[in-house]
Amino acid sequence: MRTNSIQLPVIPIVNELIKNNPNTISLGQGVVFYSPPEEVFNHINNFHKNPHNNLYQSVLGIPALLTEIKHKLAIDNNILVQDDRTSIFVTAGSNMAFMNSILALSDPEDEIIILSPYYFNHEMAIRLANCTPIIVETDHEYQPNINNILKAITAKTKAIVTISPNNPTGVIYSREDLLTINNICREKGIYHISDEAYEYFTYNNVKHYSPASFPHSDNHTISLFSLSKAYGFASWRIGYMVIPKHLEMAVKKVQDTILICPPVISQYAGLGALKIGINYCKKYLLEISKVREKMLDSLSNIKDICQVSNSDGAFYFFLKIDTKINSFDLTKKLIENYQVAVIPGTTFGIEDKCCLRVAYGSLNYETAEIGINRLVEGLSELIRE
């Protein structure tokens with residue numbers, strides 16, 4: 001079966017361990033601590049006013065939301081959508097947008113380049129499509145290694161995937177590297193898939209760049225966005241994608257087969273969120289930033305056994321632990337003995353060393369302080385014993 005080659009989703013496994021160990025604080029799953037804006041629910045009332053909304057709607061998304069997305073892309077991302085060259089699709093989350101992309105542009109046994117450590121759902125989606133993920137190592141700071149990427153391209157390569165701000169490392173790719181990768185894709189006749197789910201989560205005045213804003217990029221660049229993080233929309237399942245016009249029919253076929261149309265009530269909610277815009281997320285970034293600084297300060301106490309990624313984005317740190325212990329075994333010990341949960345690095349394709357992903361977006365300062373103290377204590381005792 002095609003699913004035999006796909007890894008088991010680790011977050012449900014970690015959640016089961018948390019359930020079996022009461023009072024565990026999770027530094028695992030990547031969600032935010034805040035809820036959607038109140039204005040969202042006013043737009044849901046508008047949904048109820050029209051009985052037609054209970055019927056199937058456009059496979060692309062409702063017109064009002066598509067218009068608002070187009071405006072947002074121009075203002076926030078400097079992506080100017082031209083209807084004769086690019087198309088926008090609303091999707092049931094950005095993971096679906098990624099799956100749509102792979103199914104639309106590939107044939108079985110084609111190759112998709114992903115950078116390691118990778119986002120596990122990307123690797124899983126590529127395998128589910130009967131394609132081959134070509135895993136390319138980043139440099140020692142988890143930034144793209146352009147030479148490694150060039151060496152990995154073959155006649156079967158269909159796309160290069162970048163995630164910036166990055167999950168799981170939290171690093172932000174430079175404009176120069178993203179532009180170089182985008183130009184490589186254009187020259188090689190392949191696609192650049194840019195996952196930008198964490199676009200607003202940046203720190204230390206480091207800027208996020210959207211590859212689709214670069215000159216001559218619209219014919220080979222696929223941009224993926226999500227409302228899950230910025231607007232506390234994780235369960236509403238609304239994302240969107242910007243694609244070259246020539247892929248529109250292929251994506252229509254995929255989305256109509258799998259989804260028919262994105263949930264219309266969630267689209268109304270998404271419309272309310274986007275009308276409020278970036279400032280809704282920004283007002284919570286100060287608190288997230290304080291949690292981030294507290295975690296960095298605490299982790300500095302174990303810098304002899306724990307190397308922390310230089311993370312200026314998203315809400316993750318990627319820890320490299322100086323130990324021979326397998327990262328899943330270490331995660332299990334941390335949950336069972338210290339009541340603190342993280343995600344093991346094996347989930348992200350790191351097998352030759354012990355790495356852990358720490359998430360800090362979902363907790364208030366007081367809870368996060370307790371959680372990071374437990375993690376530091378646990379690592380100190382387990383690694384130094």
Side-chain angles (χ1 to χ4, degrees), residues 2-3 5-11 30 93-174 177-178 180-182 184-185 188 190-198 210-212 220-226 239 241 243 309 313-314 316 318 343-353 355 357:
R2 71 176 66 234
T3 56
S5 65
I6 297 173
Q7 64 168 300
L8 285 172
V10 73
I11 288 178
S94 61
N95 275 350
M96 182 175 187
F98 185 81
M99 191 79 238
N100 284 355
S101 302
I102 299 302
L103 291 173
L105 63 81
S106 70
D107 291 315
E109 299 183 6
D110 281 341
E111 297 175 351
I112 310 294
I113 292 175
I114 56 177
L115 306 185
S116 172
Y118 53 69
Y119 173 43
F120 52 86
N121 278 130
H122 283 178
E123 188 257 358
M124 293 161 70
I126 293 166
R127 293 190 187 278
L128 193 60
N130 280 344
C131 292
T132 304
I134 303 300
I135 300 164
V136 174
E137 286 192 12
T138 49
D139 67 18
H140 67 285
E141 294 183 340
Y142 302 115
Q143 294 288 338
N145 185 313
I146 302 301
N147 287 333
N148 286 353
I149 292 171
L150 284 168
K151 291 175 185 176
I153 296 173
T154 72
K156 290 185 175 182
T157 304
K158 285 298 178 74
I160 300 171
V161 181
T162 57
I163 309 172
S164 182
N166 188 260
N167 178 11
T169 65
V171 304
I172 297 177
Y173 296 166
S174 69
D177 281 347
L178 287 170
T180 299
I181 292 169
N182 195 264
I184 289 170
C185 290
K188 299 290 186 180
I190 59 179
Y191 293 96
H192 182 179
I193 302 175
S194 173
D195 186 329
E196 303 175 40
Y198 300 90
S210 295
H220 64 278
T221 305
I222 298 170
S223 305
L224 314 180
F225 298 93
S226 172
M241 60 194 302
I243 63 171
S309 59
Y316 304 116
F318 205 64
I343 303 296
T346 48
T347 306
F348 309 100
I350 304 300
E351 303 282 353
D352 60 341
K353 45 187 170 280
C355 292
R357 190 191 75 175

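All residue numbers in this chain count up from 1 along the given sequence. The shown structure was predicted, so the numbers you read here are calculated from the model rather than taken from an experiment.
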Under 4.5 Å between any side-chain heavy atoms of [X] and [Y], yes or no?
X	Y	value
I149	I181	yes
L128	M99	yes
I126	T132	no
N145	V136	no
F318	V171	no
R357	N167	yes

- Item | side-chain contact (heavy atoms from CB on, under 4.5 Å) evaluation trace for I243 with N100 | CA-CA 11 Å; I243 63 171; N100 284 355; over 6 Å; no

Taking only distance into account, with no hydrogens and no angle test, what donor-acceptor pairs under 3.5 Å do side-chain atoms of residues 107-115 form with protein atoms, sequence neighbours excluded?
| residue | atom | partner | partner atom | Å |
| --- | --- | --- | --- | --- |
| D110 | OD2 | D107 | N | 2.7 |
| D110 | OD2 | K158 | NZ | 2.9 |
| E111 | OE1 | T154 | OG1 | 2.7 |

To the nearest 0.5 Å, tell me how far [X] [atom1] sits from [Y] [atom2].
X	Y	atom1	atom2	result
I102	N130	CD1	CG	12.5 Å
S116	Y142	OG	OH	9.0 Å
L103	C131	CG	SG	8.0 Å
E137	I350	CD	CD1	7.0 Å
R127	T3	CZ	OG1	12.5 Å
L178	S194	CG	OG	6.5 Å

Shortest non-hydrogen separation from [X] to [Y] and the atoms involved:
X	Y	answer
S226	A197	CB-CB, 4.0 Å
M241	S101	CE-OG, 3.2 Å
T347	Y118	O-CE1, 3.8 Å
Y191	C185	O-SG, 3.5 Å

- For D177, what residues pass the salt bridge (Lys or Arg N to Asp or Glu O under 4.0 Å) criterion, not counting sequence neighbours?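 Residues passing salt bridge (Lys or Arg N to Asp or Glu O under 4.0 Å) with D177: none at all.
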
- Query: Checking side-chain contact (heavy atoms from CB on, under 4.5 Å) for the pair T169/T138: CA distance, chi angles, key distance, verdict?
  - Reply: CA-CA 11 Å; T169 65; T138 49; over 6 Å; no

- Walk me through it: do I190 and H220 pass the test side-chain contact (heavy atoms from CB on, under 4.5 Å)? CA-CA 7 Å; I190 59 179; H220 64 278; over 6 Å; no

- Task: Just jot down the ring pair (Phe, Tyr, Trp, His ring centres under 6.0 Å) partners of Y119, sequence neighbours excluded, or say none.
- Result: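 Listed in chain order: H122.
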
- Candidate pair F98 and I222, rule side-chain contact (heavy atoms from CB on, under 4.5 Å), full reasoning: CA-CA 9 Å; F98 185 81; I222 298 170; over 6 Å; no

- Message: Do D195 and S94 pair up side chain to side chain, a donor and an acceptor below 3.5 Å, judged on atom types alone?
- Response: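 There is no such pair between these side chains.
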
